[in-house]
Amino acid sequence: MPALPPLRLGVNIDHVATVRNARGGKLPDPLRAAAIAAAAGADGITAHLREDRRHIVDGDIEGLTRELKIPLNLEMAATPEMIGIAVGHRPHAACLVPEKREERTTEGGLDAAGQHNHLKPLVARLRDAGIRVSLFIEADPRQLDAAVALGAPVVELHTGRYCELEGAAQNAELARLRKAAALCGKLGLECHAGHGLSYANVGPVAAIPEVRELNIGHFLVGEAIFVGLEKAILEMRRLMDEARAAGQAA
Ligand code: PXP
């Protein structure tokens with residue numbers, strides 16, 4: 001059986017900035033977290049510059065762009081302001097996410113199908129700047145078709161619902177993720193996944209053959225309080241690799 005393609009781990013450092021901002025100072029430094037993540041084997045760093053700057057701020061993106069030795073995936077709302085910032089910094093990738101000011105975290109996926117006319121020029125501007133565009137969407141065939149129509153090469157499937165559910169409902173959501181990932185393969189979209197992943201639930205998602213990257217943040221930063229960031233990332237990496245190997249054997 002041919003080996004499954006490698007699965008990358010993008011470490012989201014937003015919540016290092018959340019803790020820093022709780023006191024309004026400089027510590028803990030998200031750039032230090034990014035350096036530790038890179039040394040622990042993260043394949044990329046993800047940071048979400050929210051419109052309200054509640055965690056990552058513009059200076060963090062400047063610092064990451066300057067100092068990071070691994071790819072930066074900038075998550076952002078699909079607004080002209082954010083597109084301008086991305087084009088100014090030229091991260092490796094930009095992931096367009098829906099954003100509501102009052103939400104605690106990104107709820108639901110981007111409505112790529114319903115917002116085609118709004119998104120089309122923004123995706124084109126990012127692509128013209130040489131930035132790899134990804135759309136954070138629900139595992140819905142309509143949204144995958146919309147990503148193709150927009151010319152986005154990558155989609156990130158929202159795993160939030162899978163992570164919150166249990167039992168049969170969780171299995172049903174996993175089946176939906178698997179189907180969407182397989183469809184990505186047919187449509188020529190690179191498939192990423194993320195949101196809410198932890199040691200307890202990462203395995204089945206990591207084993208989906210078409211998934212090429214997982215973006216994980218909140219759990220890793222929380223676990224780092226107890227074991228340190230390096231150990232938390234190494235354990236996540238181990239669980240991803242183990243699930244991938246088992247998926248290949250299945
Ligand atoms: N992927 C995207 C597009 C996100 O918006 C987030 C949360 O910022 C994540 C992944 C990471 O989610 P979590 O912090 O729950 O691991």
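Numbering starts at 1 and runs along the sequence shown. Ligands are counted one by one from 1 in listed order, and the atoms in each one are counted from 1 as well.
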Any donor and acceptor pair, going by atom type alone, linking the side chain of Q143 with main-chain N or O of A112 inside 3.5 Å?
yes

Establish, from distance only, whether the side-chain atoms of N12 and T46 form a donor-acceptor pair under 3.5 Å.
no

Check E138 with R161, please: is the shortest side-chain N to carboxylate O separation under 4.0 Å?
yes

Under a plain distance cut-off of 3.5 Å, with no hydrogens placed, do N215 and E213 share a side-chain donor-acceptor pair?
yes

Check the side chains of H192 and E190 for a donor-acceptor pair under 3.5 angstrom, ignoring hydrogens and angles.
yes

Give a table of atom pairs where an N or O of ligand 1 lies under 3.5 Å from a protein N or O.
from: ligand 1; atom 1: 1 (N); to: E75; atom 2: OE2; distance (Å): 3.3
from: ligand 1; atom 1: 1 (N); to: E156; atom 2: OE2; distance (Å): 2.5
from: ligand 1; atom 1: 5 (O); to: E75; atom 2: OE1; distance (Å): 3.0
from: ligand 1; atom 1: 5 (O); to: T106; atom 2: OG1; distance (Å): 3.3
from: ligand 1; atom 1: 8 (O); to: N12; atom 2: ND2; distance (Å): 3.4
from: ligand 1; atom 1: 8 (O); to: E75; atom 2: OE1; distance (Å): 3.3
from: ligand 1; atom 1: 14 (O); to: H218; atom 2: N; distance (Å): 2.8
from: ligand 1; atom 1: 15 (O); to: G196; atom 2: N; distance (Å): 2.8
from: ligand 1; atom 1: 16 (O); to: G217; atom 2: N; distance (Å): 2.8
from: ligand 1; atom 1: 16 (O); to: H218; atom 2: N; distance (Å): 3.4

Ion pair present between E223 and K231, side-chain N to carboxylate O less than 4.0 angstrom?
no

